[in-house]
*Asks:* 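This is the structure I want to talk about, given as structure tokens.
We count ligands from 1, going down the list as the structure has it; atoms in each ligand are counted the same way. Nothing here was measured: the structure is a model prediction, and the numbers come from that model. All heavy atoms count here, side chains included; hydrogens, waters and symmetry mates do not.
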Amino acid sequence: MAIGTKSDDEIAAMREAGRIVARILQRLAAEVRPGVRTADLDRVCVEELTRYRVKSSFKGYRGFPAHICTSINDEVVHGIPGERILREGDVLSIDVGVVHNGFQGDAAMTVGVGTISAEARRLLEVTEGSLGAGIAAAKENARLGDISAAIQDYVESNGFSVVREYTGHGIGREMHEEPQIPNFGRPGHGPRLRRGMTLAIEPMVNSGGWSTRVGDDHWTVVTADGSLSAHFEHTVAVTNGEAEILTLV
Ligand code: MG
């Protein structure tokens with residue numbers, strides 16, 4: 001399938017959706033501390049969705065039961081908020097998606113709960129850094145594989161591994177549009193990037209091996225070896241210069 005491009009007006013609408021996502025994510029991250037339940041974060045998200053008059057992209061998506069994804073420690077993505085209590089030293093990935101005036105925004109970040117280990121801190125820094133490397137490679141006339149390879153090189157040169165079973169994605173009126181954006185690949189390969197493409201770039205990085213499995217709730221993805229995992233995501237627009245990050249406060 002061809003990869004669509006957005007008009008300037010459509011990108012302006014996505015910028016609004018993205019700003020709301022970023023503000024909600026910032027609010028949720030500020031609520032994270034030992035003793036908080038992930039269901040509490042979901043409730044805070046509902047308050048914010050109401051305040052901004054937007055809908056969660058995730059609630060009801062293929063039956064997903066909550067408004068955000070919360071994934072703790074060895075959980076990679078798609079964790080369901082619930083009664084689990086966050087503890088000092090945990091790492092929590094929060095993924096937020098909203099629909100605003102028909103357009104989607106999608107972003108994620110991993111935060112430490114209280115004080116975290118040096119290794120966990122490094123995992124978060126490397127994962128966020130790999131997102132930056134991927135975004136820096138998302139230039140007009142570059143190839144999709146340039147983004148994938150930039151992320152993979154950044155992660156692996158720091159001794160961690162990229163999850164392979166889940167990818168970033170095109171985004172617009174739908175949360176998941178073409179293309180899939182793997183976090184591993186070969187530079188110079190894949191479709192050429194054009195101005196106006198809107199992409200959700202989202203490295204998922206494990207401190208151990210890259211394999212994952214899906215948990216008993218049929219949603220939560222965990223690392224196969226029990227190692228820690230982190231996830232950072234931005235929605236960006238390809239321009240004729242540096243890609244514009246749309247999910248900024
Ligand atoms: Mg996404």
Side-chain angles (χ1 to χ4, degrees), residues 3-4 6 11 13-15 17-26 28-29 41-42 45 49 54-71 75-81 92-100 102-111 127-128 130-135 137-138 144 147-148 150-152 155 162-185 193 197-206 212 214 219-221 229-238 243-248:
I3 304 170
K6 271 65 172 187
I11 290 173
M14 290 187 66
R15 197 177 287 124
R19 185 176 299 121
I20 293 168
V21 166
R23 288 180 177 170
I24 295 175
L25 199 49
Q26 185 180 55
L28 295 175
L41 299 175
D42 197 68
C45 182
L49 294 168
V54 295
K55 286 207 163 113
S56 162
S57 308
F58 305 158
K59 170 84 172 173
Y61 179 83
R62 296 184 181 169
F64 189 76
H67 302 83
I68 53 174
C69 299
T70 52
S71 307
E75 298 174 354
V76 179
V77 285
H78 305 165
I80 303 171
L92 173 70
S93 300
I94 309 171
D95 197 340
V96 174
V98 309
V99 195
H100 174 66
F103 285 94
Q104 303 270 342
D106 192 2
M109 67 187 300
T110 304
V111 295
T127 308
E128 187 169 21
S130 75
L131 172 59
I135 293 170
L144 193 68
I147 299 175
S148 305
I151 291 169
Q152 181 180 17
V155 169
V162 289
V163 169
R164 302 190 174 214
E165 294 101 331
Y166 302 89
T167 68
H169 48 94
I171 182 170
R173 288 190 179 274
E174 302 298 326
M175 177 164 59
H176 295 134
E177 298 185 351
E178 293 293 319
Q180 288 194 356
I181 310 172
N183 294 306
F184 64 99
L193 302 179
M197 286 181 179
T198 44
L199 309 172
I201 302 176
E202 50 176 321
M204 290 147 265
V205 176
N206 298 345
T212 63
V214 177
W219 276 108
T220 310
V221 177
S229 191
H231 179 211
F232 281 81
E233 175 178 27
H234 273 307
T235 299
V236 309
V238 176
E244 179 188 350
I245 299 175
L246 300 177
T247 39
L248 287 181

*Asks:* Could you tell me the separation between the CZ atom of Phe103 and the CD atom of Glu174, rounded to the nearest 0.5 Å?
*Replies:*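 Taking CZ in Phe103 and CD in Glu174, the distance rounds to 10.5 Å.
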*Asks:* What distance separates Asn183 CG from Ser130 OG, expressed to the nearest 0.5 Å?
*Replies:*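 Going from the CG atom of Asn183 to the OG atom of Ser130 covers 7.0 Å.
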*Asks:* Please list, chain by chain and in numerical order, all residues satisfying side-chain contact (heavy atoms from CB on, under 4.5 Å) with Thr110, sequence neighbours excluded.
*Replies:*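 Val91, Ser93, Leu124, Ala230, His231, Phe232.
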*Asks:* Do the side chain of Ser56 and the main chain of His67 share a donor and acceptor less than 3.5 angstrom apart?
*Replies:*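 It does hold such a pair.
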*Asks:* Contact between Glu244 and Arg15 at the side-chain level, heavy atoms closer than 4.5 Å - yes or no?
*Replies:*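 They are in side-chain contact.
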*Asks:* Within less than 2.8 Å of the Mg ion (ligand 1), how many protein N/O/S atoms are there?
*Replies:*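 For the Mg ion (ligand 1), protein nitrogen, oxygen or sulfur atoms under 2.8 Å: 4.
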*Asks:* Only one of Ile135, Ile201, Asp106 forms a side chain to side chain contact (heavy atoms under 4.5 Å, CB included) with His234, so which one is it?
*Replies:*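 So, applying the side chain to side chain contact (heavy atoms under 4.5 Å, CB included) to His234 and each of Ile135, Ile201, Asp106, only Ile135 qualifies.
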